[in-house]
Amino acid sequence: MPELPEVEVARLGISPHITHKTVRSVEVRNPSLRWPVEPKLAKILHNALITHTSRRGKYLLVHCLCHDGASGVLMIHLGMSGSLRIASLDAAPQKHDHIDWVFDDCVLRYHDPRRFGSVHWHDVRDGDYLQHPRLIQLGIEPFDALFTGAHLLARCRTRKMSIKQGLLSGDMVVGVGNIYACEVLFRCKIHPETACADLTRAQCEQLAVQIKHLLQEAIAQGGSTLKDFVNSDGASGYFQMHYNVYGRTGAPCHACAAPIMRMVQGQRATFFCPVCQPASKAIHA
DNA sequence: AAGGTAACCTGACTGC
DNA sequence: TGCAGTCAGGTTACCT
């Protein structure tokens, strides 16, 4: 589910079905998401043309040219449990299908049991969408050429918190959620509790490289499930990578066979291999 | 100002 | 079978 790769795969999945098409109607069945859905959304988007889609962090952005000539951006966040699907016009909405965008030949449907996700409307007359309060605070994109080991090192130098929490905080880099934070630290053989400020230049270089690789691999993997975005009945559109540590408490490490351990950092589960990812104290001892 | 914590909400699963 | 408890892939508001 929704870390950056899943959001990107969702975007790739829905984009061909909605781009250059006109929204005929919008049905908001439940506006109570993380933030209330704009009450005038249906009116604003009536007969709006979808020009293209993009993404910023975990926000999927749908760029619209409205009937009145104004333009704007639909900002969709999937939260913990959100998903998007392309359904046929006659497919009845299921429980937790909160919003429909109806086109001539299909429906874009937002589904989110926990309602931690959100749907914002940003009118460009109110300024550049990248200046939106939800977007402006986000860190650098992992695939940006400026996201490098040097960038990471500079951001880490003054941070006392653990690298696991640092990666999740979203201001060093966006899009890395709990699963990929655990997995990338395993790949780099870095203990999750290592203080950001204690990371070496080499570790930061490696982290930057592996974050790009891991997310790219996950997107590629998700690409094979793109067909599931159309007319699927059940929960689909998501995919599961082969995890080395995430959710594998007690199972043997794929590298050294030691049992994977679970701990809690900032109220989130962290999984790691105590042998492959030794605590820094052990390194210096 | 950074860092910790509770909160938002439902469903799936575990153990008694 | 039922019920209580735990956990879940994210993010923000509020407190120290």
Side-chain angles (χ1 to χ4, degrees), chain A residues 1-11 29-37 55-60 75-84 94-99 110-120 132-139 142 154-186 192-198 211 214-215 217-219 221-222 225 234-250 261-272:
Chain A
M1 290 180 208
E3 296 187 32
L4 183 147
E6 289 76 9
V7 176
E8 183 63 9
V9 168
R11 187 181 74 80
R29 290 183 204 83
N30 186 351
S32 304
L33 303 183
R34 181 70 165 82
W35 282 282
V37 176
R55 182 189 54 72
R56 175 76 175 98
K58 294 170 189 166
Y59 283 89
L60 197 166
M75 300 167 33
I76 303 174
H77 197 294
L78 300 176
M80 295 271 267
S81 57
S83 62
L84 287 166
Q94 307 294 306
K95 194 176 183 184
H96 305 307
D97 283 345
H98 304 309
I99 306 179
Y110 177 83
H111 175 90
D112 186 1
R114 291 176 74 180
R115 291 188 278 120
F116 282 2
S118 59
V119 172
H120 303 268
H132 187 283
R134 299 277 81 76
L135 301 187
I136 191 154
Q137 59 188 16
L138 296 178
R155 305 297 242 134
C156 281
R157 206 162 250 164
T158 58
R159 304 284 240 127
K160 201 183 161 191
M161 69 165 57
S162 71
I163 183 58
K164 162 76 187 320
Q165 291 184 269
L167 289 174
L168 288 184
S169 72
D171 38 52
M172 315 190 164
V173 60
V174 293
V176 180
N178 205 33
I179 293 177
Y180 296 117
C182 293
E183 293 296 320
V184 82
L185 288 172
F186 173 81
E193 285 179 312
T194 309
C196 291
D198 287 346
I211 286 169
L214 183 62
L215 297 181
E217 284 168 32
I219 292 169
Q221 180 121 5
T225 70
S236 62
Y238 290 136
F239 49 97
Q240 201 151 15
M241 294 247 318
H242 170 77
Y243 298 140
N244 282 308
V245 289
Y246 187 81
R248 297 192 63 242
T249 311
M261 292 186 66
R262 178 188 191 275
M263 65 179 170
V264 174
Q265 291 176 282
Q267 307 169 165
R268 309 296 302 277
T270 297
F271 302 89
F272 67 108

Exercise. In terms of the nearest nucleotide of DNA chain B, which residue is placed more toward the 5' end: A/Gly266 or A/His96?
Worked result: A/Gly266

Exercise. For A/Arg159, which residues count as a salt bridge (Lys or Arg N to Asp or Glu O under 4.0 Å) partner, sequence neighbours excluded?
Worked result: A/Asp171

For this session: Can you sort out the partners of A/Arg155 under salt bridge (Lys or Arg N to Asp or Glu O under 4.0 Å), two or more places apart, ordered by chain and number?
Result: none

Exercise. Under 4.0 Å between a side-chain N or O of A/His77 and OP1 or OP2 of C/dG10?
Worked result: no

For this session: Tell me whether the OP1 or OP2 atom of C/dG10 has a side-chain N or O from A/Arg268 closer than 4.0 Å.
Result: yes

Figure out the [atom1]/[atom2] separation between [X] and [N], and round it to whole Å.
X	N	atom1	atom2	answer
A/Arg114	C/dT11	CZ	P	13 Å
A/Tyr246	C/dC7	OH	C1'	9 Å
A/Leu168	C/dA8	CG	C1'	14 Å
A/Gln267	C/dT6	CD	P	15 Å

Write out a two-atom table: protein N or O, nucleotide N or O from nucleotides 12-16 of chain C, distance below 3.5 Å.
unit_1	atom_1	unit_2	atom_2	d
C/dT12	OP1	A/Arg134	NE	3.2
C/dT12	OP1	A/Gln137	NE2	2.8
C/dT12	OP2	A/Gln137	NE2	3.2
C/dT12	O4'	A/Arg34	NH2	2.6

Mind checking side-chain hydrogen bond (donor to acceptor under 3.5 Å, both in side chains) for [X] and listing every partner two or more places apart, or none if nothing turns up?
X	result
A/Lys164	A/Asn178, A/Thr270
A/Arg157	none
A/Arg134	none
A/His111	A/Asp97

Exercise. Using the ring of each side chain (for Trp, its six-membered ring), is A/Tyr59 parallel, tilted or perpendicular to A/His120, with breaks at 30° and 60°?
Worked result: tilted

Residues in side-chain contact (heavy atoms from CB on, under 4.5 Å) with [X], at least two apart?
X	result
A/Ala195	A/Asp198
A/Pro36	none
A/Glu193	A/His191, A/Met263, A/Gln265

Exercise. Mind checking the C1' distance from B/dA12 to C/dT11? Whole angstroms is fine.
Worked result: 23 Å

Seminar exercise, completed: So the contacted stretch of DNA chain B, first to last nucleotide with an atom under 4.0 Å from a non-hydrogen atom of chain A, runs from B/dG3 to B/dG11

Exercise. Just one of A/Asp112, A/Val37, A/Asn30 clears the side-chain contact (heavy atoms from CB on, under 4.5 Å) bar with A/Ile99, so which one?
Worked result: A/Val37

Problem set entry | Secondary structure of DNA chain B in dot-bracket form (Watson-Crick or G-U wobble, distances below 3.5 Å, | marking inter-strand pairs) | .|||||||.|||||||

